Amino acid sequence: EVQLVESGGGLVQPGGSLRLSCAASGFSFRTYDMSWFRQAPGKEREWIASIYSGDDTFLADSVKGRFTISRDNFKSTVSLQMNSLKPDDTATYYCAAARLPGGGTWYLIPTFYNYWGQGTQVTVSS
């Protein structure tokens with residue numbers, strides 16, 4: 001059974017940090033490209049960051065310089081380090097897995113992903 005289980009969400013003050021983790025099982029993690037999306041109430045799901053199986057990384061402009069994505073193929077985990085958090089970062093964060101086509105920005109498109117986690121809530125508020 002394929003599983004993606006996110007953890008690490010919570011309530012944090014503006015300017016604070018959180019580290020989200022996503023534990024994968026049931027598929028060949030090291031061969032998959034991994035991404036983080038987020039969705040705030042009343043808004044569409046938004047792509048945040050991707051790390052390919054070859055370790056290339058991509059970050060949305062809205063989080064560049066504040067968030068970092070990384071993966072550990074031995075532990076089958078992908079992490080999102082979030083620093084300098086803002087109230088606008090409040091959302092449910094999801095990890096997703098896919099074998100994306102080479103080139104282009106396919107990582108932006110949710111329908112390309114085969115597997116999704118259940119999400120973890122991040123709330124940035126004073």
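Just so you know, these numbers come straight off a predicted model, no measurement behind them.
Cluster annotation: Tyr113 is connected to Trp106 through the hydrophobic network of ILVMFWY side chains, with a link wherever side-chain heavy atoms come within less than 4.5 Å. Taking hydrophobic clusters as Ile, Leu, Val, Met, Phe, Trp and Tyr residues chained together by side-chain heavy-atom distances below 4.5 Å, Leu4 shares a cluster with Ile51. Cluster membership for Met34 and Ile109, using ILVMFWY side-chain heavy atoms within less than 4.5 angstrom, is not shared. Side-chain heavy atoms closer than 4.5 Å link hydrophobic residues (I, L, V, M, F, W, Y) into clusters, and following such links, possibly through other members, connects Leu85 to Val63.
Side-chain contact between Leu11 and Gln121 is absent, with no heavy atoms from C-beta onward closer than 4.5 Å. Taking the side chain as every heavy atom from C-beta outward, Ile48 and Leu59 never approach each other to under 4.5 Å. In this structure the side chain of Leu20 reaches within 4.5 angstrom of the side chain of Met82, judged on heavy atoms. Within the 4.5 Å cutoff, no side-chain heavy atoms of Cys22 are placed close to those of Ser79.
Listed for the Gln81 side chain is no donor-acceptor partner under 3.5 Å among the backbone atoms of Arg19. Put simply, the side chain of Thr90 gets close to the backbone of Val124: a donor and an acceptor are under 3.5 Å apart. A donor-acceptor contact shorter than 3.5 Å links the side chain of Asp33 to the backbone of Leu100.
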Worksheet item: Can you check side-chain contact (heavy atoms from CB on, under 4.5 Å) on Thr57 and Tyr52, steps first, answer last?
Response: CA-CA 6 Å; Thr57 60; Tyr52 276 27; over 6 Å; no
Fill in: Working for side-chain contact (heavy atoms from CB on, under 4.5 Å), residues Trp36 and Ser50
CA-CA 6 Å; Trp36 287 93; Ser50 295; over 6 Å; no
Practice prompt. Check the pair Leu80, Thr68 against side-chain contact (heavy atoms from CB on, under 4.5 Å), reporting the backbone distance first and the verdict last.
Written response: CA-CA 6 Å; Leu80 186 69; Thr68 304; over 6 Å; no
Discussion item. Walk me through whether Gln39 and Thr92 qualify under side chain to side chain donor-acceptor pair (under 3.5 Å).
Written reply: CA-CA 5 Å; Gln39 188 166 19; Thr92 301; over 6 Å; no
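Checking Tyr32 against Ser53 by side-chain atom types alone, no donor-acceptor pair falls below 3.5 Å. For Asp72 and Thr77, the side-chain atoms include no donor-acceptor pair closer than 3.5 Å.
One distance of note links OG1 of Thr120 with CD of Glu6; it measures 7.0 Å at 0.5 Å rounding. Atom OG of Ser25 is separated from atom CD of Gln3 by 4.5 Å, given to the nearest 0.5 angstrom. Atoms OG1 and CG, on Thr123 and Asp89 in that order, are 11.0 Å from each other to the nearest 0.5 Å.
For Leu108 against Pro110, the heavy-atom pair with the smallest separation is O-CD, 3.2 Å. Heavy-atom minimum distance, Cys95 versus Val78: CB-CG1, 4.5 Å. Of all heavy-atom pairs between Ser125 and Pro14, the closest is C-CD, 3.6 Å.
The salt bridge (Lys or Arg N to Asp or Glu O under 4.0 Å) contacts involving residues 51-63 comprise Asp61-Lys64, where partners must be two or more places apart or lie in separate chains.
Figure legend: cation-pi geometry between Arg71 and Phe29, with NZ or CZ positioned under 6.0 Å from the six-membered ring centre and within 45° of its axis. Geometrically, Arg38 does not engage Trp47 in a cation-pi contact, judged by NZ or CZ lying under 6.0 Å from the ring centre and within 45° of the ring axis.
Tyr107 and Phe112 have their aromatic ring centers separated by at least 6.0 angstrom. Between Phe37 and Tyr93, the ring centre distance reaches or exceeds 6.0 Å.
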